[in-house]
Amino acid sequence: MGLVKRFWGWLTTSAGGRVTKGHPDLYPIEVDKLAQELRLNEEAKRLGEAGLPTPDAKVITGPEAATVQRVEKARQDYVDWAVMRLNVLSEDLGRRDIIQDANRARQADKEFERKASARLSENVGVLKTLRETAHRRRTELDAFKAKHCLEREAHYPTPTGSFLRYGVLAMLVLLEGAFNAVFFAKGIDTGLLGGFGMAAAFAALNVVVAFIIGKIFVRYVNHAKLVLKVLGWTSVVVALTAMGTIGLGIAHYRDALTAELANPAQATLQTLSQTPFELTDMFSWALFILSFVFGLIALYDGLSSDDLYPGYGTISRRARVAFDDYEDELTELRSELEEMKNEKLEALDDAVKKSQAGVARIGALIEDKRTAGSRLQTALRDADHSLEALLRKFRTENQLHRSGLVRPKYFDTLPELRPIEIPDFSTFDDVSALAAQEEHLKALLAEVQDIRGRIQAAFNEQFDRLTPLDSQFVRKEAT
């Protein structure tokens, strides 16, 4: 568990935070504390009372040597820290280069144009096919309008309107079936439930036949050709005749049920063929009128389910679908181009911000490098002063307890410390590199608005390639 904890601590600690060995701020030489740790006063008194070191001594005593050793170790630790810190800063400075990002940002418009052109090239085949289909459908529609002398646009229901009309058809079946069931219930052993089954069948026949005739045939009354116009009016007569016949059949069937005849279906056919307009009571006439009215409504519902001119709604919808397919593809491509443009503009802004932050970071690292070098020099000077203070403590205390014995001459000098190799904290090359980075940033900032303008111009150029159809379609659809 302890190993995992130490590993996690190492993993989550920044590189700068791990370089703490010999840090002057964390490991300063505290003169009084070190003097107490080395027992300098006690050793100086003990040696002084023993007449040591002798007046002619030229070699420092053990306590002094221990003091020098501790100071030298501290000096070396400071240098080790400085080397580690210098390596970290140099590595960080080596990674800070905005030139590549700046050059990439300057090419943003060309990169956008290349990607946009490639994306359009991928869809050129699909667009061509859809465009040709739309033109062909439009030509067919124009030819149809010219052939049939049509100047208006087609009027047909929307998908919602079509759904509503079929909903009305279903509702007519249910309503007529319900009314028929009420009238039939008296003469059927199974009562209202059984009556509804038979009534629904009659209602469906009445309504569906009227709807189909209205949807397919009646609209031919508007046809330009006389023969087909006659067919349309004939279908009107057929529709009215069919609705009347079915209505009378339903009414006669009710009469047969109320008369409790053994075979009501056979009796219905007989009375319908011999005395079609002789019904037993007003309820049968009401049932006939109700059935006829529902048939008329279904006839109109079928007629209004498409344009009143036969075939016009179908060919117009076909042209509209082809046109919409092409326009949808264009819209999708335009959206993709817009998204690509926005992404490239955002990338340009990010590159500028990153470059500015990079230059600022380089300046901060250079200042950190100067500070680290200055910190090392200060630490080494403090170490020298600490050594002088420690030795002065020892020698002063020793002299107080020598009982008049002459102090050795070497007490007037400081021992020579071991030479150490001082790392080079020069920032000349770094400052020169920073100046070059700043020039690139300055050039990028001067060009950024032009780059944005070129990206927009490239977008407009690619956008203009997506030519919409010169359509005369007008959406005048019914609800």
Side-chain angles (χ1 to χ4, degrees), residues 132-159 161-170 172-173 176 202-250 269 272-273 276-277 288-289 291-324 471-479:
E132 290 174 351
T133 301
H135 275 301
R136 186 167 60 253
R137 298 300 187 206
R138 180 65 199 188
T139 300
E140 292 174 356
L141 177 61
D142 290 340
F144 184 90
K145 291 172 67 175
K147 180 180 178 180
H148 296 275
C149 301
L150 294 170
E151 296 182 358
R152 64 176 179 84
E153 296 298 324
H155 298 271
Y156 49 84
T158 62
S162 296
F163 179 80
L164 179 61
R165 281 163 175 77
Y166 284 102
V168 169
L169 181 66
L172 291 175
V173 172
E176 185 176 351
F202 284 121
L205 177 63
N206 180 47
V207 170
V208 171
V209 168
F211 180 85
I212 292 175
I213 294 175
K215 181 175 180 61
I216 299 176
F217 300 104
V218 173
R219 65 183 73 255
Y220 278 94
V221 299
N222 298 307
H223 203 281
K225 291 185 177 181
L226 180 60
V227 174
L228 294 178
K229 188 184 290 289
V230 170
L231 174 63
W233 284 111
T234 302
S235 66
V236 172
V237 175
V238 170
L240 295 175
T241 302
M243 289 185 293
T245 301
I246 294 173
L248 287 172
I250 294 173
L269 292 175
L272 183 61
S273 61
F277 298 104
F288 164 72
I289 295 172
S291 297
F292 192 81
V293 169
F294 273 93
L296 287 176
I297 296 174
L299 183 72
Y300 176 77
D301 195 42
L303 182 62
S304 64
S305 64
D306 206 342
D307 190 87
L308 294 179
Y309 196 90
Y312 192 22
T314 300
I315 196 170
S316 181
R317 280 192 299 274
R318 192 160 57 229
R320 166 58 62 187
V321 169
F323 173 80
D324 287 345
S471 174
Q472 298 179 357
F473 284 115
V474 179
R475 294 184 181 272
K476 293 183 179 179
E477 302 167 350
T479 58

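Please read all numbers here as calculations on a predicted model, not as lab measurements.
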Requested in this report: Determine, step by step, whether L296 and L240 satisfy the side-chain contact (heavy atoms from CB on, under 4.5 Å) criterion, reporting the C-alpha distance in whole Å, the side-chain angles of both residues, the deciding distance to 0.1 Å, and the verdict.
Outcome: CA-CA 8 Å; L296 287 176; L240 295 175; 3.8 Å; yes
Report task. Salt-bridge test for E153 and K145: reply yes if a basic N is under 4.0 Å from a carboxylate O, no otherwise. Result -> yes
**Report entry** Name of the residue among H155, R219, R317 meeting side chain to side chain donor-acceptor pair (under 3.5 Å) with D306
**Finding:** R317
Query - Least distance between heavy atoms, A210 atom then G295 atom - result: CB-O, 3.2 Å
Separation of [Y] [atom2] from [X] [atom1] (nearest 0.5 Å):
X: T234; Y: Y220; atom1: OG1; atom2: OH; result: 13.0 Å
X: D142; Y: L150; atom1: CG; atom2: CG; result: 11.5 Å
X: F211; Y: L303; atom1: CZ; atom2: CG; result: 10.0 Å
X: N222; Y: L308; atom1: CG; atom2: CG; result: 5.5 Å
X: L164; Y: T158; atom1: CG; atom2: OG1; result: 8.5 Å
X: L228; Y: S235; atom1: CG; atom2: OG; result: 11.0 Å

Query raised in the report: Can you name the residues that form a side chain to side chain contact (heavy atoms under 4.5 Å, CB included) with E140, not counting sequence neighbours?
Result: R136, R137, I315, R318
Query raised in the report: Should we count CZ of F292 as having more than 12 external heavy atoms under 6.0 Å?
Result: yes
Query raised in the report: Should we count CZ of F144 as having more than 12 external heavy atoms under 6.0 Å?
Result: yes
Test item: [X] side-chain N/O and [Y] main-chain N/O as donor-acceptor pair under 3.5 Å:
X: S316; Y: G313; value: no
X: K229; Y: H223; value: yes
X: S291; Y: G247; value: no

Query raised in the report: Between Y309 and H148, is any side-chain donor less than 3.5 angstrom from a side-chain acceptor?
Result: yes
Query raised in the report: Should L141 and Y312 count as side-chain neighbours, where that means a heavy-atom distance under 4.5 Å?
Result: yes
Query raised in the report: Mind checking what makes salt bridge (Lys or Arg N to Asp or Glu O under 4.0 Å) contact with R152, not counting sequence neighbours?
Result: D307
